[in-house]
S.K.: 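Quick one: structure below, then a few questions.
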Amino acid sequence: MGRANDDAAAALEEYADLFAMTGGDAFRVRSYQKAAKAIAGYPEDISRADVRKVPGVGEAIAKKVEEFLQRGGFRQLDDLRMQVPEGVRMLTRIASLGPKKAVFLYRELGIDSPEALAEAIGEGRLAGLRGFGAKTEENLLKGIEQLKQASERVHLGVAMNLAELIIASLPAEKIAYAGSLRRMKDTIGDIDILAVGPATIMEEFKGLPYVAEVIASGGLKTSVRTTRGLQVDLRVVPAESWGAAMQYFTGSKEHNVRLREMCVKRGWKLSEYGLFEGETVIASKTEEEIYEALGMQWVPPPLREDGGEVQAALRGELPELVTLADLQGDLHTHTNLTDGIATLEEMVEAAARHGYAYYAVTDHAPNLFMQRMTLEKALEQRAQLHRLQDEYPDMRLLHGTELNIAPDGSVDWPAEILEGFDVCVASVHSHFSQPRDEMTSRFITACENPNVHIIGHPTTRKIGKRPPVDADWEAVFEAAARTNTALEIDAYPDRADLPSDLVRLARHHGVKFSIDSDSHAVPHLGNLRFGVGIAQRAWLTRDDVINAWPLERLLAFLGRG
DNA sequence: GCCGTTTTCGGCCCGACTGTTTTCAGTCG
């Protein structure tokens with residue numbers, strides 16, 4: 001499912017996992033993981049380009065990838081799949097359970113799925129097993145619970161890619177996605193697609209390569225489950241009720257209930273076929289007509305959550321939401337100097353193609369030891385960036401860094417070093433389970449550092465993998481507003497951090513935001529649109545977002561004017 | 001399995017935390 005690069009990367013990742021579980025050499029495991037990451041982040045389509053050009057891919061991996069592209073698998077992967085059941089690999093998705101313990105549990109007790117593990121713990125069968133004490137059991141149960149909740153939804157990026165792929169491959173007069181995807185929610189339970197189209201569209205839909213199972217199928221609606229387990233509904237609607245159907249299926253349910261209440265009071269009826277007075281159609285062709293007939297502004301989908309948008313639209317007071325086109329630059333990106341996979345030149349060139357007025361490179365700082373950053377490397381990068389600047393007269397290159405917020409709130413370098421950077425993002429990367437009050441003062445201390453401009457991915461959550469850290473967010477927002485520290489909206493779709501409800505809360509405290517891609521590869525730059533979705537859901541306008549500002553205003557905010 | 005203006009062999013991201021050890025293995029970022 002998806003781009004050839006993503007499919008091949010997923011296969012290599014699976015191979016790396018299985019290879020590790022079957023006792024394979026750790027360095028080779030890392031080679032497969034590295035190649036997978038590089039292929040996923042490679043800007044060219046590897047089904048057309050030579051995969052040997054991807055850094056980290058040599059002859060052996062290239063052969064595997066080529067075989068994979070031809071027939072959807074490769075021999076060594078097939079062999080390992082025979083040895084390790086799929087469910088055992090699923091075990092490693094449980095937090096705190098890695099390949100060694102997973103295979104140990106399988107060999108010792110025949111445990112071959114998270115469910116089987118939960119059962120075994122319940123029956124006390126792990127008691128006395130080497131390396132499995134009471135605390136471990138408790139953590140495993142917690143991890144299984146978390147996994148269960150996560151697996152029911154996917155993050156916006158996965159759903160959006162799939163929806164766009166489906167839409168592009170179905171011929172229709174009109175076709176679009178609705179539902180929570182159109183509202184840009186950070187997680188998606190199922191995908192709703194509407195189409196005005198030829199009678200053959202249902203058959204074509206069922207025949208798509210990533211359809212694993214047809215759940216139900218009729219003339220107007222077909223539901224399928226994809227190979228990744230996501231449900232997709234396709235509805236065929238009459239052209240004349242396109243707007244009503246889009247409105248109805250975009251939701252949210254609560255927003256629609258609010259509208260229908262208004263209709264009832266006027267003796268009208270609103271359904272997926274139109275707005276009616278008795279048998280007479282008042283509006284149905286476009287959403288705009290429908291909202292207008294109801295005496296209100298058209299409501300942008302991200303606002304349709306019954307969070308005051310109906311009342312505001314009736315008064316004609318909806319905010320002018322920030323858009324992707326408003327963004328003048330990206331203030332949090334990486335290169336291969338730390339954990340990115342593209343060079344500085346490649347990232348800058350890609351940024352220029354986005355038409356940015358400014359662009360910041362913010363590689364990690366020394367305290368994230370595994371990145372092996374040094375001041376010398378940072379200064380060399382700065383010099384390199386200055387040389388590059390001449391080639392990009394229309395885009396101001398900013399040299400930044402992503403600092404590490406230590407448990408006490410301090411960051412990597414002393415003030416005199418930090419002052420040399422154009423922009424400093426500071427983020428939490430460890431000690432996630434600090435008690436609430438310590439975590440809160442950790443953030444506040446970081447905000448109070450005059451050289452910290454932006455708090456990166458503040459909650460540090462990873463959707464489906466890691467819960468948000470616990471902090472008194474109102475206290476943090478107050479500090480951010482007081483110290484003129486922006487909070488990041490990290491657009492990377494498995495982070496989506498801050499989430500929109502906290503953004504909205506922070507805005508009430510007067511906080512400004514930076515919508516950043518946190519790119520580690522060229523294609524990631526395009527993720528900014530997901531950040532804009534979060535911002536819109538939080539009612540942000542251009543004025544709330546520092547990287548929607550012109551360069552001069554941004555530099556003044558950074559104290560670098 | 002990849003990679004090389006210190007290497008075509010011998011390195012490879014490395015340190016911290018957790019829970020379980022009685023000196024460390026496994027997991028994570």
Side-chain angles (χ1 to χ4, degrees), chain A residues 11-13 15-39 51-66 74-77 80 89 91-108 121 126-143 146-147 334 336-341 363-374 377 402-408 412 427-434 456-457 460-462 465-467 469 492 494-495 497 518 520:
Chain A
L12 281 176
E13 256 165 49
Y15 186 61
D17 284 354
L18 297 178
F19 193 74
M21 281 190 255
T22 50
D25 174 65
F27 291 113
R28 285 172 64 186
V29 171
R30 205 173 297 157
S31 289
Y32 299 128
Q33 288 168 340
K34 227 168 114 183
K37 193 175 160 194
I39 288 171
V51 71
R52 286 169 183 76
K53 285 195 308 187
V54 180
V57 176
E59 193 50 36
I61 290 181
K63 281 232 173 67
K64 292 180 175 70
V65 169
E66 280 163 357
F74 54 90
R75 186 178 51 79
Q76 297 88 337
L77 178 61
L80 289 188
R89 186 175 175 237
L91 287 178
T92 64
R93 290 186 46 193
I94 298 169
S96 79
L97 187 56
K100 292 273 163 35
K101 284 184 170 175
V103 160
F104 182 73
L105 288 172
Y106 177 56
R107 301 238 160 102
E108 292 294 311
I121 294 172
L126 265 58
L129 218 53
R130 182 171 56 80
F132 291 85
K135 199 72 187 252
T136 302
E137 288 191 357
E138 193 184 306
N139 286 339
L140 288 175
L141 285 176
K142 218 185 289 171
Q146 210 176 298
L147 184 65
H334 296 273
N336 63 0
L337 185 60
T338 55
D339 58 351
I341 61 169
D363 272 313
H364 290 286
N367 289 0
L368 210 57
F369 301 104
M370 62 191 239
Q371 305 293 349
R372 304 192 124 191
M373 183 53 118
T374 61
K377 285 190 191 175
E402 183 183 9
L403 302 165
N404 188 49
I405 306 177
D408 66 357
D412 304 61
S427 323
V428 165
H429 296 108
S430 63
H431 299 84
F432 302 118
S433 49
Q434 253 184 331
H457 46 70
T460 78
R461 71 163 177 173
K462 289 228 176 140
K465 285 186 193 140
R466 187 169 66 212
V469 297
Y492 211 93
D494 67 354
R495 286 194 182 271
D497 187 11
D518 196 359
H520 287 70

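A note on names: the letters A, B, ... follow the listed sequences, proteins ahead of strands, and every chain is numbered from 1.
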S.K.: Say we look at B/dG10 and B/dA16: how far apart would their C1' atoms be, to the nearest angstrom?
M.R.: 27 Å
S.K.: I'd like the P distance from B/dT6 over to B/dC2, given in whole Å.
M.R.: 23 Å
S.K.: In Å, rounded to the nearest 0.5 Å, how long is the span from CD of A/Glu137 to NZ of A/Lys142?
M.R.: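 Nearest 0.5 Å value for the CD-NZ distance: 13.5 Å.
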S.K.: Under 4.0 Å between any heavy atoms, over every strand shown, what does A/Lys462 touch: base, sugar-phosphate, or nothing? Just pick one.
M.R.: nothing
S.K.: Just by protein heavy atoms under 4.0 Å, how would nucleotides 19-27 of chain B read 5' to 3' in B, S and -?
M.R.: SS-----SS
S.K.: Taking atom C1' in both B/dC13 and B/dT27, compute the distance separating them and give it to the nearest angstrom.
M.R.: 15 Å
S.K.: What is the separation between atom CZ on A/Phe27 and atom C1' on B/dC12, rounded to the nearest whole Å?
M.R.: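 After rounding, the reported distance stands at 5 Å.
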S.K.: What is the distance, to the nearest angstrom, from the CZ atom on A/Phe74 to the P atom on B/dG1?
M.R.: 10 Å
S.K.: Does the side chain of A/Arg30 get closer than 4.0 angstrom to OP1 or OP2 of B/dC13 through an N or O atom?
M.R.: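 For A/Arg30, the contact criterion (side-chain N or O under 4.0 Å from OP1 or OP2 of B/dC13) is met.
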S.K.: Assess the residue pair A/Leu105 and A/Leu97 against the criterion (side chain to side chain contact (heavy atoms under 4.5 Å, CB included)); give the C-alpha distance rounded to whole Å, side-chain angles, the decisive distance to 0.1 Å, and a yes or no.
M.R.: CA-CA 10 Å; A/Leu105 288 172; A/Leu97 187 56; 4.3 Å; yes
S.K.: Measure CZ/A/Arg52 against P/B/dC2 and give the value in whole Å, please.
M.R.: 10 Å
S.K.: On DNA chain B, check which nucleotide each of A/Gln371 and A/Ser433 is closest to and give me the residue with the more 5' one.
M.R.: A/Gln371
S.K.: Work out how far the C1' atom of B/dT8 is from that of B/dT23, and round it to whole angstrom.
M.R.: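 Taking atom C1' in both B/dT8 and B/dT23, they lie 39 Å apart.
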S.K.: Taking the same atom, C1', in B/dC17 and in B/dC12, what whole-Å distance lies between them?
M.R.: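 Each nucleotide's C1' atom is 23 Å from the other's.
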S.K.: Which value, in whole Å, describes the distance between the P atoms of nucleotides B/dT5 and B/dG1?
M.R.: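 Their P atoms lie roughly 23 Å apart.
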S.K.: Check whether any side-chain nitrogen or oxygen of A/His431 sits under 4.0 Å from OP1 or OP2 of B/dA16, and answer yes or no.
M.R.: no
S.K.: The side chain of A/Ala60 lies closest to which of these nucleotides: B/dG29, B/dG15, B/dC2?
M.R.: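 The listed nucleotide nearest to A/Ala60's side chain is B/dC2.
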S.K.: How many Å lie between CG on A/Asn367 and C1' on B/dA16, as a whole number?
M.R.: 13 Å
S.K.: Answer yes or no: does atom NZ of A/Lys34 have more than 12 heavy-atom neighbours from other residues, nucleotides or ligands under 6.0 Å?
M.R.: no
S.K.: Rounded to whole Å, how long is the line connecting atom CZ of A/Arg28 with atom C1' of B/dG11?
M.R.: 16 Å
S.K.: Using heavy-atom distances to pick each residue's nearest nucleotide on DNA chain B, tell me which of A/Lys34 and A/Lys64 is more 5'.
M.R.: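 Of the two residues, A/Lys64 wins.
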S.K.: Give, for atom CD of A/Glu402 and atom NE2 of A/His334, the distance between the pair rounded to the nearest 0.5 Å.
M.R.: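 One gets 4.0 Å once the value is rounded to the nearest 0.5 Å.
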S.K.: Using Watson-Crick or G-U wobble geometry with both distances below 3.5 Å, tell me the partner of B/dT8, or none.
M.R.: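 Pair assignment: B/dT8 / none.
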S.K.: Taking only the C1' atom of each, what is the distance from B/dT20 to B/dG26 in whole angstrom?
M.R.: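 About 11 Å, rounded to a whole number of Å.
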S.K.: Round to a whole Å and report the spacing from CG of A/Asp339 to C1' of B/dC28.
M.R.: 14 Å
S.K.: Given A/Phe19, which of A/Gln33, A/Arg28, A/Gln76 fulfils the side chain to side chain contact (heavy atoms under 4.5 Å, CB included) condition?
M.R.: A/Arg28
S.K.: Distance check needed: B/dG29 P versus A/Leu368 CG, whole Å only.
M.R.: 11 Å
S.K.: Aromatic rings A/Tyr492 and A/His520: how do their planes relate, parallel, tilted or perpendicular, breaks at 30° and 60°?
M.R.: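 The rings of A/Tyr492 and A/His520 stand perpendicular, inter-plane angle above 60°.
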S.K.: Please state how far atom CD1 in A/Ile341 lies from atom P in B/dC2, giving the value in whole angstrom units.
M.R.: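 Taking atom P of B/dC2 as the reference, CD1 of A/Ile341 is at 16 Å.
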S.K.: Would you say that more than 12 heavy atoms from the other residues, nucleotides or ligands in this model lie under 6.0 Å from the NZ of A/Lys100, or not?
M.R.: no
S.K.: Report the C-alpha separation of A/Thr22 and A/Leu80 in whole Å, then their side-chain angles, then the decisive distance to 0.1 Å, and conclude whether the side chain to side chain contact (heavy atoms under 4.5 Å, CB included) test is met.
M.R.: CA-CA 8 Å; A/Thr22 50; A/Leu80 289 188; 3.8 Å; yes
